[in-house]
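One structure below.
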Amino acid sequence: MIKKKPASSPLKTSKLEMAETFARRAHRELRATLLRGEFLPATQLTLRGLATRFGTSVMPIREAVSRLAAEHALELRPNRAIRVPDLSRTEIDHLWQIRLLIESEAAALAAEAADEAHIVTLEEVCKMMWRAHRKGDWRAMVEGTGEWAVRLAESSGSAPFIDYVSNLRLRCAPHIARALASGLVPDDDFFAFSLRIQDQIVDAIRRHDAPRARDLRQSDVRTFMDFVYRRLGWD
């Protein structure tokens, strides 16, 4: 006679679902914090400190940290220490080289696959960044470049491209934050040039001009890379 497994109680299932929800939220909020550049390279973190910051218990934070370590956005070091990676110049160069390749191809795919809703979203992000530029809100400008990259990748309709672009941005965020840590001054030449390129990318996508979208996005990423490198005092 085959014995049936005892059914899980609704209470136990509810607790498991709740724990999973807390873990997902912790991962989302910690990831967003890294993307905003709130942690500079080599910053030391603790599970308890993060739990206090995000108003949760240690368990979901531990899971969030493990997931982010798997994404190479955090390092798990001896004695349970957590650190934001402090990448070498060579590693950062390689990340930007990969961004140039992948994000330009994502733009080309977007020109082929984006629907009207995606195009309107890209236009709205551009308008938001222009408003921030006119107000001199440089922090909002920098945060907007991150949203722009993700929205553009989403317009490609390709899950692999979306994942790669998102991960590359996540890994670049701390060193970009270091470049901007001393604050921004109005750099009209850079920001206005970058915004004009983004407007042109939207136009290329609307016209389904994949080669132009690819070339423009590559110029956009390279321009931002040059800006960040100048801020870091690099050649």
Side-chain angles (χ1 to χ4, degrees), residues 8 11-99 102-103 106 139-140 142-154 158-183 221 224-225 228 231-232:
S8 298
L11 181 60
K12 182 179 290 186
T13 301
S14 177
K15 287 182 177 179
L16 288 172
E17 290 175 347
M18 187 176 296
E20 184 179 0
T21 299
F22 287 154
R24 284 200 302 267
R25 187 182 71 181
H27 174 259
R28 183 179 66 251
E29 292 182 354
L30 181 52
R31 198 176 195 276
T33 300
L34 287 163
L35 284 168
R36 287 194 299 269
E38 294 187 24
F39 296 135
L40 298 181
T43 298
Q44 301 286 337
L45 304 169
T46 66
L47 292 175
R48 290 193 179 279
L50 291 171
T52 300
R53 180 187 181 108
F54 295 110
T56 188
S57 63
V58 168
M59 186 181 298
I61 291 295
R62 180 181 289 112
E63 184 171 336
V65 167
S66 295
R67 289 180 62 184
L68 287 163
E71 295 179 77
H72 304 288
L74 291 175
E75 294 176 344
L76 299 180
R77 301 175 70 79
N79 301 320
R80 299 182 180 181
I82 306 163
R83 193 179 80 144
V84 179
D86 190 7
L87 303 178
S88 68
R89 169 65 187 271
T90 299
E91 290 171 316
I92 292 172
D93 284 346
H94 290 168
L95 285 177
W96 280 101
Q97 288 168 13
I98 297 169
R99 284 191 65 177
I102 289 181
E103 295 192 29
R139 176 173 288 277
V142 174
E143 290 179 1
T145 63
E147 184 176 359
W148 166 260
V150 172
R151 297 299 185 184
L152 184 59
E154 289 173 350
S158 168
F161 272 92
I162 294 168
D163 287 344
Y164 290 139
V165 169
S166 179
N167 180 258
L168 287 166
R169 280 201 58 253
L170 182 65
R171 297 176 68 183
C172 285
H175 94 266
I176 293 174
R178 171 182 281 168
L180 306 177
S182 60
V221 174
F224 189 50
M225 179 189 74
V228 169
R231 297 278 303 190
L232 292 169

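Reckoned from all heavy atoms, side chains included, excluding hydrogens, waters and symmetry mates. Computed from a predicted model, the values in this text were never measured in an experiment.
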Identify the heavy atoms of E71 and N167 that sit nearest to each other, and give their distance. O-ND2, 3.0 Å
Quick check: closest heavy atoms across C172 and L95, and the distance to 0.1 Å? SG-CB, 4.0 Å
If you define the side chain from C-beta out and look only at heavy atoms, does anything of H94 sit under 4.5 Å from E91? no
Sort and list the pairs that fulfil salt bridge (charged side-chain N to carboxylate O under 4.0 Å, His left out) and have at least one residue in residues 48-62, not counting sequence neighbours. E38-R53
What residues, two or more places apart in sequence or in another chain, satisfy salt bridge (Lys or Arg N to Asp or Glu O under 4.0 Å) together with D93? R89
Beyond-backbone contact of F224 with W96, side-chain heavy atoms, under 4.5 angstrom: yes
What is the minimum heavy-atom distance between P85 and H72, and which atoms define it? CG-O, 3.9 Å
What distance do L34 atom CG and R171 atom CZ have between them, rounded to the nearest 0.5 Å? 12.5 Å
N/O donor-acceptor pair under 3.5 Å between S166 side chain and I162 backbone: no
How long is the straight-line distance from CG of L30 back to CG of L50, given to the nearest 0.5 Å? 5.5 Å
Taking only residues two or more places apart in sequence, or in another chain, which ones meet T43 in a side chain to side chain contact (heavy atoms under 4.5 Å, CB included)? F39, L40, L45, V84
Mind checking whether L152 and V165 have side chains closer than 4.5 Å, heavy atoms only? no
Straight-line distance of Y164 OH to E103 CD, nearest 0.5 Å: 14.0 Å
For A173, all residues meeting side chain to side chain contact (heavy atoms under 4.5 Å, CB included), sequence neighbours excluded: none
What heavy-atom pair brings A153 and A106 nearest, and what distance separates the two atoms? CA-CB, 4.5 Å
Taking only residues two or more places apart in sequence or in another chain, which ones pass side chain to side chain contact (heavy atoms under 4.5 Å, CB included) with L232? H175, R178, A179, V228, W234
Heavy atoms of L170 and A73 approach each other most closely as CD2-CB, 3.5 Å
For A81, check side chain to side chain contact (heavy atoms under 4.5 Å, CB included) against everything at least two apart and list the hits. Q44, R77
Any R169 side-chain heavy atom under 4.5 Å of L35 side chain: yes
Looking at every heavy atom in both A26 and A64, which two are closest together, and how far apart are they? C-CB, 3.8 Å
Name of the residue among R25, R31, E29, R24 meeting side chain to side chain contact (heavy atoms under 4.5 Å, CB included) with H27: R31
